[in-house]
*Asks:* 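Okay, handing you the structure first.
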Number of protein chains: 2
Amino acid sequence: MHVAISPVLYVKDPDSSELGRAIIKNSIELISQMGFESFTFKKLGVIISSPESSIYRYFKNKHMLLVYLTSWYWSWTEYRLVFATMNMTSAIERLIKSIDILTQPAQIDNEFSFINEVLLSEIIFSESIKAYHTKNVDDENQKGCFSAYKNVVERVSEIVKEIQPDYPYPHMLVSTVIEGAHQQKYFAAHLPELTDKVNDAKAVPNFYKDLVLNILTNE
Amino acid sequence: MHVAISPVLYVKDPDSSELGRAIIKNSIELISQMGFESFTFKKLGVIISSPESSIYRYFKNKHMLLVYLTSWYWSWTEYRLVFATMNMTSAIERLIKSIDILTQPAQIDNEFSFINEVLLSEIIFSESIKAYHTKNVDDENQKGCFSAYKNVVERVSEIVKEIQPDYPYPHMLVSTVIEGAHQQKYFAAHLPELTDKVNDAKAVPNFYKDLVLNILTNE
DNA sequence: GCAATAATGATAGTAATACTATTATCTTTG
DNA sequence: CAAAGATAATAGTATTACTATCATTATTGC
């Protein structure tokens with residue numbers, strides 16, 4: 001499996017060299033350990049035994065590295081969605097499966113690549129909002145930095161429309177589910193009063209599946 | 001009207017002096033103009049003709065100023081919720097009113113204080129996530145920095161429980177609505193493909209009201 | 001096999017940010 | 001009107017996020 005990433009996200013393709021792959025692999029580990037705020041190219045440089053300046057030859061700055069990681073994650077997730085639902089004829093069944101994939105971090109590292117998908121998905125859940133919540137969103141959006149995410153939202157919205165062609169807010173519904181699930185995980189870990197104590201790890205997926213099925217299948 | 005703010009949020013109460021009030025008033029204007037990322041105490045100092053160091057006597061750093069502003073907003077919003085719903089006997093009616101208040105920025109500056117509530121609510125919609133999405137959340141949460149927000153979520157959750165005592169996720173529902181509404185406004189402005197083109201400014205409130213009423217009033 | 005080219009390493013340097021510290025001046029109040 | 005408290009003026013530091021330069025090491029084309 002190979003995930004295609006838009007060249008606007010990097011200066012030099014990290015998948016084209018050993019150093020590039022080391023940058024990706026170790027940045028995922030470092031960000032998941034210390035959080036994106038504390039992460040710096042200097043610290044990453046120490047770990048991969050390369051100077052900061054070499055990392056800058058691959059990514060304009062640490063923000064673009066995060067955008068790269070989110071783009072990889074969403075392209076990979078689109079692949080997961082397609083693969084997991086391709087044999088399902090029922091649109092409702094496909095939607096349920098999609099919400100399951102979108103509302104929980106990956107469980108197993110497929111080892112398809114040099115990327116640890118479990119750690120990466122945890123990063124996406126807790127940090128991805130920082131990728132598009134910046135003063136440069138408009139610029140970056142116009143360059144196509146967030147296309148992979150938009151494609152996922154669009155694809156799942158199509159299933160919503162199949163189920164309920166008249167429903168006026170399919171994209172709002174899907175992006176609410178995705179972003180909401182990320183936040184609820186964060187709340188559960190840090191601000192538990194904003195969510196509900198549940199013994200069950202499936203609470204977040206179940207909450208969003210209930211919500212979506214209810215609005216789409218009741219008149 | 002006077003909004004009580006926890007002393008842990010400031011070094012010296014900004015409401016206790018002219019300079020303090022100037023800091024709040026002008027920081028709201030500056031943040032809403034340039035965004036929180038670009039905002040610095042140095043720039044604020046130029047505008048209020050005071051040195052940076054004087055601002056530091058009121059707030060530990062710009063992050064704590066944002067936490068102060070969000071706390072003010074949520075205390076004020078709790079007041080608005082109580083005031084707007086106190087004559088309503090129907091729980092559903094109270095919930096609908098509450099969602100209206102929570103899902104759109106304030107329309108008019110009440111001039112109750114030195115705070116421009118319209119600008120502040122816009123800041124909350126676009127930047128408040130940065131107040132609690134940091135490496136120090138746990139510390140700050142433990143100190144009570146986010147109590148005002150939690151109180152609002154708790155209060156509205158109580159209405160949800162009145163309507164549907166068995167519903168297992170009242171807090172998840174309420175925080176999903178609040179945070180979701182903030183994000184959908186942001187998406188509409190910057191990443192429109194993640195939301196739905198709607199001529200109606202009431203789309204976001206309507207979407208969330210539909211969602212909530214559907215899940216609570218259908219079996 | 002070797003020159004040319006590209007990639008990386010080593011090192012230094014800069015501008016901005018986010019503070020902290022010190023002392024002087026001004027303002028308020030008992 | 002003196003003392004206390006608040007603010008102004010100024011300087012300084014550590015860190016971050018880069019940029020620049022040049023030496024060294026790999027890679028590739030002939």
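Reckoned from all heavy atoms, side chains included, excluding hydrogens, waters and symmetry mates. Here the structure is a predicted model, which is why all the values come from computation and not from measurement. Convention: sequence-line order gives letters A, B, ...; per-chain numbering from 1.
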*Asks:* Need one value for A:Ser53: base, sugar-phosphate or nothing, where a base atom within 4.0 Å counts as base even if backbone is also close, heavy atoms only.
*Replies:* base
*Asks:* Which residues pass the salt bridge (charged side-chain N to carboxylate O under 4.0 Å, His left out) test with A:Glu122, not counting sequence neighbours?
*Replies:* none
*Asks:* Answer with yes or no whether the side chains of B:Gln183 and A:Ser175 bring together a donor and an acceptor at under 3.5 Å.
*Replies:* no
*Asks:* Is it true that B:Lys209 and B:Asp100 have a side-chain N and a carboxylate O under 4.0 angstrom from each other?
*Replies:* yes
*Asks:* Apply salt bridge (charged side-chain N to carboxylate O under 4.0 Å, His left out) to A:Glu29 and list each qualifying residue two or more places apart in sequence or on a separate chain.
*Replies:* A:Lys25
*Asks:* Is it true that A:Lys161 and A:Glu158 have a side-chain N and a carboxylate O under 4.0 angstrom from each other?
*Replies:* yes
*Asks:* Determine which pairs satisfy side chain to side chain donor-acceptor pair (under 3.5 Å) with at least one residue from residues 3-18 of chain A, sequence neighbours left out, and list them in order.
*Replies:* A:His2-A:Asp15, A:Ser17-A:Tyr58, A:Glu18-A:Arg21
*Asks:* Taking only residues two or more places apart in sequence, or in another chain, which ones meet A:Asn61 in a side chain to side chain contact (heavy atoms under 4.5 Å, CB included)?
*Replies:* A:His63, A:Met64
*Asks:* With sequence neighbours left out, write down each residue that passes salt bridge (charged side-chain N to carboxylate O under 4.0 Å, His left out) with A:Lys97, or none if nothing qualifies.
*Replies:* none
*Asks:* Does NZ or CZ of A:Lys62 come closer than 6.0 Å to the centre of the six-membered ring of A:Phe36, within 45° of the ring's axis?
*Replies:* yes
*Asks:* What is the first contacted nucleotide of DNA chain D and what is the last, in 5' to 3' order, if contact means an atom lying under 4.0 angstrom from a heavy atom of chain A?
*Replies:* D:dA17 to D:dA20
*Asks:* What residues, two or more places apart in sequence or in another chain, satisfy side chain to side chain contact (heavy atoms under 4.5 Å, CB included) together with A:Lys42?
*Replies:* A:Thr40, A:Glu52
*Asks:* Among residues 22-43 of chain B, which ones have heavy-atom contacts with DNA chain C below 4.0 Å?
*Replies:* B:Thr40
*Asks:* Rounded to whole Å, how long is the line connecting atom CD of A:Glu18 with atom C1' of C:dG9?
*Replies:* 17 Å
*Asks:* With sugar-phosphate meaning primed atoms plus P, OP1 and OP2, does B:Ser17 contact a base, only sugar-phosphate, or nothing at under 4.0 Å between heavy atoms?
*Replies:* sugar-phosphate
*Asks:* Measure across A:Lys43 and A:Ser38 and return the closest heavy-atom pair with its distance rounded to 0.1 Å.
*Replies:* NZ-O, 2.6 Å
*Asks:* Going by atom type alone, with no hydrogens or angles, which donor-acceptor pairs under 3.5 Å involve a side-chain atom of residues 129-136 of chain A and a protein atom two or more places apart or on another chain?
*Replies:*
residue: A:Lys130; atom: NZ; partner: A:Glu127; partner atom: OE1; Å: 2.6
residue: A:Tyr132; atom: OH; partner: A:Glu179; partner atom: OE1; Å: 2.6
residue: A:Tyr132; atom: OH; partner: A:Glu179; partner atom: OE2; Å: 2.6
residue: A:His133; atom: NE2; partner: B:Ser126; partner atom: O; Å: 2.8
residue: A:Thr134; atom: OG1; partner: A:Asn136; partner atom: N; Å: 3.3

*Asks:* Nucleotides 27-30 of chain C: which of its N/O atoms have a protein N/O under 3.5 Å away?
*Replies:*
none

*Asks:* Atom CD of A:Glu52 and atom C1' of C:dG9: how far apart are they, to the nearest Å?
*Replies:* 13 Å
*Asks:* So if I take residues 55-69 of chain B and measure heavy-atom distances to DNA chain C, which residues fall below 4.0 Å?
*Replies:* B:Tyr56, B:Lys60, B:Asn61, B:Lys62
*Asks:* Who passes salt bridge (charged side-chain N to carboxylate O under 4.0 Å, His left out) against A:Glu193, sequence neighbours left out?
*Replies:* B:Lys150
